[in-house]
Protein chains: 2
Amino acid sequence: MNSVSQRTIERLSLYRRRLMIELAEMDYIFSHQLAKISNSTAAQVRRDLMHLGYAGVPRKGYKIKDLIRCISQFLDPAKIENVVIVGVGNLGKALLTFFTGRRPKLSLVACFDIDENKVGTDIAGVPCFHLNEMPQKIKELKVNIGVISSTENATKAISEMMIAAGIKSIINFTCFPLNIADSENVFLEQIDITASFEKAAYFTKLNLKK
Amino acid sequence: MNSVSQRTIERLSLYRRRLMIELAEMDYIFSHQLAKISNSTAAQVRRDLMHLGYAGVPRKGYKIKDLIRCISQFLDPAKIENVVIVGVGNLGKALLTFFTGRRPKLSLVACFDIDENKVGTDIAGVPCFHLNEMPQKIKELKVNIGVISSTENATKAISEMMIAAGIKSIINFTCFPLNIADSENVFLEQIDITASFEKAAYFTKLNLKK
DNA sequence: TTTTATCTGTAAATAATTTCACAATTTTTT
DNA sequence: AAAAAATTGTGAAATTATTTACAGATAAAA
Ligand SMILES: NC(=O)c1ccc[n+]([C@@H]2O[C@H](COP(=O)([O-])OP(=O)(O)OC[C@H]3O[C@@H](n4cnc5c(N)ncnc54)[C@H](O)[C@@H]3O)[C@@H](O)[C@H]2O)c1
Ligand SMILES: NC(=O)c1ccc[n+]([C@@H]2O[C@H](COP(=O)([O-])OP(=O)(O)OC[C@H]3O[C@@H](n4cnc5c(N)ncnc54)[C@H](O)[C@@H]3O)[C@@H](O)[C@H]2O)c1
């Protein structure tokens, strides 16, 4: 299968969220309008939508309702995907609170920590177990997606546990850059907030010079 | 000025963090070693380091201490940059707790909210003011970098307030994609965690098909 | 119904980023 | 002191991503 680029997938995700808001206002949308509210260009939007096999109508644009359905069919899993979060500190708690119930096809079913004060409690309605129980829970609940928001030093061990238990995607928020062999066939998304802050500092310096 | 790409800046930020850890272990590092621990390639590392004007030694590699200093000189602001965070919910609190004291050249000096229960308190040691006070504080404290982690609907108004007050960089965590005119000369970093989750779901689906 | 205006879908061109490949350099070995 | 081995720095090639340009389509106007 000829996969679509990561950049395109990110934009489709954004388009859908923007379209959901527009749906209340209008029926059809032009590529240049969708571009405007998504910080993109009309050509980029049309290129991205090409992958969906959904055709817009010249002079009229895209029917928002159909387009949302089409993006959903393309992006979303057929069945609900169960997700687990490992490391329930400030960030883990923010993620749990934010995502619980937000994306209908992604269900946060469990979180894990080693802090005995957290184990056994519910966080944003999601039960927290000890890390030791993770492999079993992942198998039991058929979890394919794992999020790591533990302390940095635990990252590698957690990812190895996840992969051994059969996880197919890892979203890693720690500073520790994971290195997963291609042969494992695991999708890895590194979210490096520190780099974003340092980038902002660098471009601030540059902007001030101008 | 011929600026270095955002991708390169992100990698330099990561290299530095990795190098800080290696510093305890060894004096010199080869491009292929730095690549390994940064999830990159030797050629990419050498290309990125080219911008620094710091030369490695053939057969010996890069002197870690000097390389760190050189990346710091390149990336970091000359003086400490003051940073503010607007919207101190779960995510804002996580950011405040994590970054306070972590990057010596970035100082979180204030945060803002509209929730009267938060205004007047300290969060991770950082004073929380009402949003109304933001323009004055930004000017008073010479703040160039602003972070938005409010609710989505407030994003645009907050960014406009920031820009009017003289902010030079915005890091936006909300789902609302800001659109800032080039002429404003403001650096914008959108961090779209929702897109990362949906991307993971998409590539999970793809991986499962294989 | 015919014309006009404007939007879509996509081929081709352009731009940006990464990888390749190798001369130059330096250390280590002999 | 010379030869061998290994790594750097970078031009050139390859790859990936975005933008341009326009034929074809269709709605709205005449
Ligand atoms: N908070 C941020 O803004 C931010 C920014 C950039 C990066 N990060 C990264 O995200 C991660 C989490 O950040 P945070 O602010 O929530 O940190 P935190 O210290 O609040 O939380 C870490 C949690 O992980 C748990 N933990 C530690 N080892 C574990 C293990 N082996 N298994 C399971 N859980 C374990 C701890 O008990 C704690 O609850 C950190 O690694 C940090 O580097 C955070
Ligand atoms: N938490 C996550 O994992 C996550 C993931 C993706 C995106 N986001 C985005 O990040 C933002 C913050 O997330 P959160 O989980 O911290 O939400 P939250 O609801 O916990 O916090 C939002 C905070 O913003 C404050 N606020 C609202 N309007 C404001 C205004 N006009 N000025 C100043 N403050 C204002 C609220 O009082 C509250 O304290 C949200 O917009 C969300 O879309 C969060």
Side-chain angles (χ1 to χ4, degrees), chain A residues 1-15 19 22 26-64 66-67 70-71 74 177 179 182 190 195 199 202-203 206, chain B residues 1-15 19 22 26-64 66-67 70-71 74 177 179 182 190 192 195 199 202-203:
Chain A
M1 177 180 292
N2 212 349
S3 136
V4 174
S5 83
Q6 289 204 31
R7 301 272 191 91
T8 296
I9 300 298
E10 283 173 15
R11 284 188 300 258
L12 286 172
S13 161
L14 176 59
Y15 297 158
L19 289 167
E22 296 305 317
M26 56 198 195
D27 269 1
Y28 283 82
I29 195 168
F30 296 131
S31 57
H32 66 264
Q33 292 176 308
L34 183 49
K36 183 97 182 277
I37 58 176
S38 307
N39 250 354
S40 187
T41 65
Q44 184 73 78
V45 166
R46 294 204 300 275
R47 254 225 170 270
D48 290 336
L49 298 187
M50 271 178 67
H51 297 289
L52 300 177
Y54 167 75
V57 183
R59 279 285 320 239
K60 218 170 163 197
Y62 304 87
K63 181 151 194 181
I64 297 181
D66 293 349
L67 186 48
C70 221
I71 294 177
F74 182 83
N179 200 324
D182 283 353
Q190 306 266 7
K199 193 160 51 135
Y202 173 80
F203 285 103
L206 232 58
Chain B
M1 178 179 290
N2 212 349
S3 135
V4 174
S5 82
Q6 290 204 29
R7 300 277 190 88
T8 295
I9 300 298
E10 284 173 15
R11 284 189 299 260
L12 286 172
S13 160
L14 176 59
Y15 298 158
L19 289 167
E22 296 306 315
M26 57 197 195
D27 269 2
Y28 283 82
I29 194 167
F30 296 130
S31 58
H32 65 264
Q33 293 175 306
L34 183 49
K36 183 98 183 276
I37 59 175
S38 307
N39 250 354
S40 187
T41 65
Q44 183 74 79
V45 165
R46 294 203 300 275
R47 267 251 168 267
D48 290 335
L49 299 187
M50 270 178 68
H51 298 288
L52 300 177
Y54 167 76
V57 184
R59 278 280 329 231
K60 219 171 163 198
Y62 304 88
K63 182 153 194 180
I64 297 181
D66 293 348
L67 187 48
C70 222
I71 294 177
F74 182 82
N179 201 322
D182 284 353
Q190 306 266 7
D192 190 340
K199 191 159 55 136
Y202 173 79
F203 285 103

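The model shown is predicted, which means the values in this text are computed figures rather than measured ones. Proteins come first, then strands; the chains are lettered A, B, ... in the order of their sequence lines, and each starts at number 1. Computation of the quantities below employed the complete heavy-atom set of this structure, encompassing side-chain atoms and omitting hydrogens, waters and symmetry-equivalent molecules.
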Using a 4.0 Å heavy-atom cut-off across all strands, classify B/Ala42 as base, sugar-phosphate, or nothing. nothing
Round to a whole Å and report the spacing from CZ of A/Arg46 to P of C/dT6. 15 Å
For atom OH of A/Tyr62 and atom P of C/dC7, their distance in whole Å: 12 Å
Heavy atoms from C-beta onward define the side chain here; which of C/dT26, C/dT19, C/dT10 lies closest to that of B/Thr41? C/dT19
Would A/Tyr15 and A/Ser40 count as a side chain to side chain contact (heavy atoms under 4.5 Å, CB included) if you check the C-alpha gap in whole Å, the side-chain angles of each, and the deciding distance to 0.1 Å? CA-CA 10 Å; A/Tyr15 297 158; A/Ser40 187; 3.8 Å; yes
Which letters describe nucleotides 12-17 of chain C, given B = protein heavy atom under 4.0 Å from base, S = only from sugar-phosphate, - = neither? B----S
What is the distance, to the nearest angstrom, from the CG atom on A/Leu52 to the P atom on C/dT8? 14 Å
At the 4.0 Å heavy-atom cut-off to chain B, mark where contacts on DNA chain D begin and end, going 5' to 3'. D/dA5 to D/dA12
5'-most contact on DNA chain D (nearest-nucleotide basis), A/Pro58 vs A/Ala43, goes to A/Ala43
Partners of B/Glu22 by salt bridge (charged side-chain N to carboxylate O under 4.0 Å, His left out), sequence neighbours excluded? none
Side chain of B/Arg59, heavy atoms from C-beta onward: which of C/dG9, C/dC7, C/dT28 has the nearest atom to it? C/dT28
Would you be so kind as to tabulate the donor-acceptor pairs closer than 3.5 Å made by side chains of residues 56-64 of chain B, with sequence neighbours excluded?
none

How would you list, by chain and number, every residue that makes a side chain to side chain contact (heavy atoms under 4.5 Å, CB included) with B/Ala42, sequence neighbours excluded? B/Ser31, B/His32, B/Arg46
Residues of residues 26-40 of chain B with any non-hydrogen atom less than 4.0 angstrom from an atom of DNA chain C: list those, numerically ordered, please. none
